[in-house]
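Just so you know, ligand 1 is whichever comes first in the structure, and atom 1 is the first atom listed for that ligand. All values derive from a computational prediction rather than experimental measurement.
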Amino acid sequence: MQRPAVVGAAGKREGGAAAGRRAVQRPTAGGLCSGRREGCAAVGELGTKRVAEEDGAANMSDSSRTIPPELLPSEDLHPLPMPVINLGHLSLDSATRYRVVDDVAKACRDLGYFQVINHGISQSVMDCALEAASDFFKLPSETKEKFASEDLRRPVRYDTSSKDSISMPRAFLKHYAHPLSEWIQYWPQQPPIYRKYMGKYASEVRMVALQLVEAIVEGLGLGKEYLNEKFHEGSQVLSVNCYAKASQSATTIGLAPHSDHGFLTILLTSCGGLEVVDPSSNIWKRVQQLPHALHVHIGDHMEVLSNGRMKTVVHRALLNPEEARISIASIHGFALHEKVTCAKELVDEENPPKYKESSFSDFLDHLTANMDNKHRNFLESLRM
Ligand code: OGA
Ligand code: NI
């Protein structure tokens with residue numbers, strides 16, 4: 001099997017055993033929960049209503065517009081190596097930070113995705129969040145369906161599938177997570193561990209997102225502090241997904257191709273299944289499952305802010321043939337009504353603004369207005 005490429009502080013991509021070893025971190029002792037990770041209840045039996053689309057996810061981006069993403073070829077057999085960033089190096093000396101910022105910027109420009117290790121979230125916090133999610137999906141349908149709603153603006157929303165008619169074997173719970181003190185009161189009280197464990201993960205993953213956003217804007221040449229306040233006051237949506245195990249006869253698609261609306265998404269998953277479109281070859285790439293790593297990809301609003309220098313990532317989830325799968329996507333954007341524009345520093349005569357301004361709220365309006373459309377695309381609607 002190919003080893004993942006690790007982008008070290010030296011900025012070099014390293015393969016081989018050393019890189020593999022470096023990627024592995026020890027879970028911290030004395031976890032908050034048992035660390036037990038089980039699959040979810042059979043999703044097929046859940047709920048009857050098919051409500052709404054993804055309030056964290058826009059539909060497919062233009063990068064695969066010529067060929068429908070469903071028809072793009074997949075890579076053979078083994079996942080290709082993908083950049084791995086050691087986030088701890090961001091807080092070392094300035095020369096080291098500079099190199100990591102450069103690695104992050106390069107990954108965002110060339111691919112739009114990478115993984116992070118040494119991110120400061122302990123294995124037990126990650127396991128507990130997955131366990132809380134898994135336990136929620138095991139609850140009786142009536143309990144979960146109390147959160148079902150057609151209104152995309154509800155702070156918590158549960159459904160068993162999107163209306164795209166592809167994503168059938170999936171249940172999801174979406175909720176706002178920042179500011180936590182404002183939203184946590186709406187989160188499920190069952191299972192009893194849910195608020196505590198998901199809340200802890202939500203606030204820790206937000207810290208990772210803020211560090212990454214700082215590195216990305218610095219890598220764009222905008223300075224580390226660029227829009228700092230707006231990012232700190234920004235929104236965080238957790239999309240908690242539960243996919244059934246793939247069965248022989250049913251579809252293998254758990255979540256249809258789409259891009260996420262925010263600046264960036266950080267994804268924690270219980271096992272493999274995520275695929276991203278590789279922008280240079282236009283093939284589906286399976287995302288490697290590294291111990292203790294988090295997957296990161298950029299979203300529509302980063303494409304807008306960077307005035308097209310960075311492209312949103314089209315991704316999908318396949319059902320895992322071995323086991324049911326839990327994923328927690330943390331989507332980070334500006335506050336609901338705060339407009340995102342192309343950074344004026346990245347606009348000049350040769351590079352006129354490519355996108356209209358828009359907010360998270362505009363995105364929700366777009367989804368609501370396009371509820372019956374199969375291929376609604378938010379980013380496309382912003383293009384000038
Ligand atoms: C999402 C998403 C991928 C996954 O929730 O927006 O892309 O692997 N999830 O569940
Ligand atoms: Ni997504």
Just checking, any donor-acceptor pair under 3.5 angstrom between side chains of Ser330 and His332? yes
Check each heavy atom of Leu255 against ligand 1 and say whether those closer than 4.0 Å belong to the side chain, the backbone, both or neither. side chain
Using the test side-chain hydrogen bond (donor to acceptor under 3.5 Å, both in side chains), find all partners of Tyr201 that sit at least two apart in sequence or belong to another chain. none
Atom of Asp260 closest to the Ni ion (ligand 2), considering N, O or S atoms: OD1
Is it the case that one hydrophobic cluster holds both Leu220 and Val347, taking links as side-chain heavy atoms less than 4.5 Å apart, direct or via other members? no
Which of the numbered atoms in ligand 1 are below 4.0 angstrom from a heavy atom of Tyr243? 3 (C), 4 (C), 9 (N), 10 (O)
Heavy-atom proximity to atom 6 (O) of ligand 1, best of Arg325, Lys174, His258: His258
Taking every non-hydrogen atom, the tightest pair across Gly272 and Asn320: O-ND2, 2.9 Å
Considering only N, O or S atoms, which atom of His258 is nearest to the Ni ion (ligand 2)? NE2
For Ser239, is at least one N or O under 3.5 Å away from an N or O on ligand 1? yes
Give the table of side-chain donor-acceptor pairs shorter than 3.5 Å for residues 221-231, with sequence neighbours excluded, one pair per line with atom names and distance.
residue, atom, partner, partner atom, Å
Tyr226, OH, Glu345, OE1, 3.0
Asn228, OD1, His232, ND1, 3.2
Lys230, NZ, Glu338, OE2, 3.2

